[in-house]
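Here is the structure we will look at.
Order of the sequence lines sets the chain letters (A, B, ...), proteins ahead of strands, with each chain counted from 1. Quick caveat, the model's predicted, so the values are computed rather than measured.
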There are 4 protein chains.
Amino acid sequence: MIVLGPNRYGKAETRVVRITRNGDAHRLKDLNVSTSLSGAMDDVHLTGDNSAVLTTDAQKNTVYAFARKHGIGAIEDFALLLARHFVDSQPSVHRARVAIDEYAWERNAGSGHSFLRSGGEVRTCVAHYDGSAAWTVCGLRDLVVLNTTNSEFRGFVKDAYTTLPETGDRILATAVDASWRHTATPPDGTGAAGEEAPTDWDKSYESARQALLAAFAGTYSRSLQQTLYAMGARVLADCPEICEVRLSLPNRHHFLVDLAPFGLDNPDEVYLAADRPYGLIEGTVLRDDAPPAGPAWE
Amino acid sequence: MIVLGPNRYGKAETRVVRITRNGDAHRLKDLNVSTSLSGAMDDVHLTGDNSAVLTTDAQKNTVYAFARKHGIGAIEDFALLLARHFVDSQPSVHRARVAIDEYAWERNAGSGHSFLRSGGEVRTCVAHYDGSAAWTVCGLRDLVVLNTTNSEFRGFVKDAYTTLPETGDRILATAVDASWRHTATPPDGTGAAGEEAPTDWDKSYESARQALLAAFAGTYSRSLQQTLYAMGARVLADCPEICEVRLSLPNRHHFLVDLAPFGLDNPDEVYLAADRPYGLIEGTVLRDDAPPAGPAWE
Amino acid sequence: MIVLGPNRYGKAETRVVRITRNGDAHRLKDLNVSTSLSGAMDDVHLTGDNSAVLTTDAQKNTVYAFARKHGIGAIEDFALLLARHFVDSQPSVHRARVAIDEYAWERNAGSGHSFLRSGGEVRTCVAHYDGSAAWTVCGLRDLVVLNTTNSEFRGFVKDAYTTLPETGDRILATAVDASWRHTATPPDGTGAAGEEAPTDWDKSYESARQALLAAFAGTYSRSLQQTLYAMGARVLADCPEICEVRLSLPNRHHFLVDLAPFGLDNPDEVYLAADRPYGLIEGTVLRDDAPPAGPAWE
Amino acid sequence: MIVLGPNRYGKAETRVVRITRNGDAHRLKDLNVSTSLSGAMDDVHLTGDNSAVLTTDAQKNTVYAFARKHGIGAIEDFALLLARHFVDSQPSVHRARVAIDEYAWERNAGSGHSFLRSGGEVRTCVAHYDGSAAWTVCGLRDLVVLNTTNSEFRGFVKDAYTTLPETGDRILATAVDASWRHTATPPDGTGAAGEEAPTDWDKSYESARQALLAAFAGTYSRSLQQTLYAMGARVLADCPEICEVRLSLPNRHHFLVDLAPFGLDNPDEVYLAADRPYGLIEGTVLRDDAPPAGPAWE
């Protein structure tokens, strides 16, 4: 018999910009919000009965309305607020997932109202809520880093298809895509009496980001796997509130160009930055007593 | 204590084009191959000891060498061949995942040697092998379809943030991203005595694709969820060798433009094709007796 | 003294889908329209006085309203209609440029109301109108073609930086980006008495496209430059209404993989499809009596 | 008769990374170089005779070899060096165009050998050389800026298709794409006796970039055209060595969301960041005594 399996639906990539105008020094939050809901959705799939469906259009409207009503602080708080709202207000919705990307801006020319988009990495978060518990994964992507030395690659397997020479000094470059799971079920952000104190998400993010950068710079690398582990372990060492880190590191190969045909040496100076193919190193670093992840990574 | 969790590494996006020159009517296969391996890889992460690491460069070389030695028929067979090779030849490699995208070409101007890239959807597959069993997921993505009628959307929840009017006739458009799991452990493709007969992957793919298209065209849609279920169910009905279908369907909104300010009606004729945000409907349709998926979807 | 030079402004990428519902066999046009206007626009630049500015929002509205009022036939006619409207209705607008991309769809599963996006090339046009004369450039882009043989590359300059070996047989592949200029000032498409008969743009487009494909397939190529010239010349030979063709052909390199390290030969069978860098061949082929281009290529 | 018109050919997107290892504080230049040549190229087009063709592969090799031999300082100097080399060393090459994009990196974690890609804008240049004279255009793209206030839009034409309300305060955002032409024929960079002193390209770039940012922040804008002119004029005012500025400014619309259906006001706080369509404002600001541009903008 044919049956319905896991499913979810929502509105992806709602782009919201929120300005706060306290006097002349304005502030700016620039987000891309994706919501998805699941629950008692058999009928809509099997018969097209929409009576359990909160429309994706309403989900989008909620994002904009909540930006006005509640403001936007840390994206994790905003994601949790939305996730809780959808589950708590709709009987047919049993679980919500809210993913947010945040684009950074800095002040332009010292102006209070003019901004310059920072480029570089995108800050990310994913919040889940199921009516009783919440889970939060934070992270970043497109953080491009490169070491000009302190990277070797030797002692690997040589099979019949291995032609790569060993190297004692190479460029190591990657675009970091990292996500990390917080240990505690996050509070609901309302600061109600008896609640756990809200996490300082911005401070935690900054610590994790600095840990990634410092570990990348400071690790003498025998392989990108070793660097990956060092980066994850450093986040856990520096951030006690985090219990698990997942990293996906493309190896952005920089090949030393052979200039001998032109009568030139190339003492680790001129490199070709390659596009494809690329190595791809993926791994998880976690505490051995990390609580179960539940739906956090879905 | 900080520990290493799940991990894998490999070479992503090795682009291989294989020409077969039987007389004047050449044939062309155009693939993008990504391999990844896992196994006894603790040391490389923890100490940078690479003695268990088959380099990603060697993985790439193997793709090219196997394209020459074995030719390339169905991408599923090529993926399985590679996955088995890596696990069977390297003691430290306990599991392999090989993902392949195939780009379609057609003959140009009746020529035997000139080709025209077809555009449209990309055919995909992912094969896993763990030393004893294999799993295969086939699929496609970027199959863009649109119905000009036979789609309504009514009877949904109206909460405080719902402003969407009900509609009895709308455009329904999506870019189909579908993957389907085959029931049987696939044979190793060598046709050795006593082996199960190899699957006819190309025929199975064509049936599944036609089922998706026919169900999209033929379903009177009360929601995209209903259409999703109909598409998955049709694949299972038409393809007994398939036990599970996963679909991700962005709702590419086409909004009827309000022309009243210009003194014009708009009897379902002129639409704005929107980019973001978009609805995103994801779901699984499967047989109730489908065997466990194992690592198939990883 | 600092002065204002050439300028224009408009609305880019208005996405319009137009359905024609003649009985059950619907028809679908899917366009991306960019308009830009220039004229008496000194004040808006110098003082911010907007009294000469037709807003880009109104330009967008006009695209939608005209799609309803006039329907959409050939994109060239629609582009000319819009260009004429802006110049003829606004005293401050002295010149209009309208560029349209068209995405092709085909019928899905024999249905009258279900469509499948064709992928492959995008059809393009650019129309200019200055109040008295009009110019039309038609074209296509992203037409990807490949020859498996009949391409050599020999006899080139060997300077101190040349290491490329000569080859008697290589893959030749490119993504054709072609534009062609029509000789006659196009009529205004209204079919008014005394007017030149409207050009059959669709037929002309189909002829030019077929000429490009046939010349690519049929030319024994000693260089991509030679192929470029053959393609342009074929369009002019087959389409008397066209006086000039401009082509931009990236050389999508396919490198024969050296399999000797693995004890394998490679008799022109296995290729690496490279991304960057790529050759880029650009050139114009025209009639020696082509009329002046005016603003056609701007 | 069918004839060959203007043409050029070259190697696009050669990716070169150059490390300078002075002690422990390494330096890094990351470029994307595109060369194209033209000259006595009739034969290659008409008959496939390649005897005048310096291969695009050799052009790529030259980029790498020159990076080693000459190092890479300002991209303008490197572009001019390459352009002069191709024309001066090959009799068949009469003109060279070299375009370079530069990606910025900053130090990571205070390390001398670890870098972080800056994101944000890309610095660009295009150099032309014809055997006697040289032309240089410098610029940047993808510099994304936003003002939260000091932008109005009023007093525009109201035609039958105008529905846009006037506004006294809106968000103004754009991604600056700017290029500016230097007045003097640049010297050849070798510092030979009797030569003009080399331009300090880096200082000039920094001044022009700051002028663009300051003018964007400091202009009370009645239209994006006015802002465009102010930006160009500021570059010319601050940089006497520059004679012409060309700007292309997409109007990245931020629409104030109507929250009235939810019982909320929206006092210029919550905006929808739209993708398409977008306004596109293009214009030139120049000195009235600017020398002829020659091929500078080709």
Exercise. So which of Asn266(D), Thr20(D), Asp275(D), Asn150(D) has the largest heavy-atom pair count under 4.5 angstrom toward chain A?
Worked result: Asn150(D)
For this session: Can you tell which part of Asp268(A) gets under 4.5 Å to a heavy atom of chain D, answering side chain, backbone, both or neither?
Result: both
Exercise. Between Arg21(A) and Thr148(D), is any pair of side-chain heavy atoms under 4.5 Å apart?
Worked result: yes
Exercise. Are Leu272(A) and Arg15(D) side-chain neighbours, meaning at least one heavy-atom pair lies under 4.5 Å?
Worked result: no
Problem set entry | Val16(A), part contacting chain D, at a heavy-atom distance under 4.5 Å | both
Problem set entry | Arg107(D), CZ atom: more than 12 neighbouring heavy atoms under 6.0 Å | yes
Exercise. Side chains of Arg18(A) and Val270(D): does their closest heavy-atom pair fall under 4.5 Å?
Worked result: yes
Problem set entry | Which portion of Ile171(D) sits near chain A, non-hydrogen atoms under 4.5 angstrom | side chain
Exercise. So which bits of residues 140-147 of chain D come within less than 4.5 Å of chain A, counting non-hydrogen atoms only?
Worked result: Leu143(D), Val144(D), Val145(D), Leu146(D), Asn147(D)
Exercise. Do any of residues 108-118 of chain D come closer than 4.5 Å to chain A, heavy atom to heavy atom, and if so which ones, in number order?
Worked result: Asn108(D), Ala109(D), Ser111(D), His113(D), Ser114(D), Phe115(D), Leu116(D), Arg117(D), Ser118(D)
Exercise. What residue in Thr14(D), Asn61(D), Ile72(D) has the most heavy-atom pairs under 4.5 Å with chain A?
Worked result: Asn61(D)
Seminar exercise, completed: When the 4.5 angstrom heavy-atom criterion is applied to Leu264(A) and chain D, the contacting part is side chain
Problem set entry | Flag, side chain of Arg68(A) to backbone of Pro267(D), donor-acceptor distance under 3.5 Å | no
Problem set entry | Portion of Val257(D) that has a non-hydrogen atom of chain A nearer than 4.5 angstrom | side chain
Problem set entry | Top contributor to chain A interface from Asp265(D), Val63(D), Leu259(D) [non-hydrogen pairs under 4.5 Å] | Asp265(D)
For this session: Specify the closest pair of heavy atoms between Tyr271(A) and Tyr64(D), including all atoms of both residues, with the distance to one decimal.
Result: O-CE2, 3.8 Å
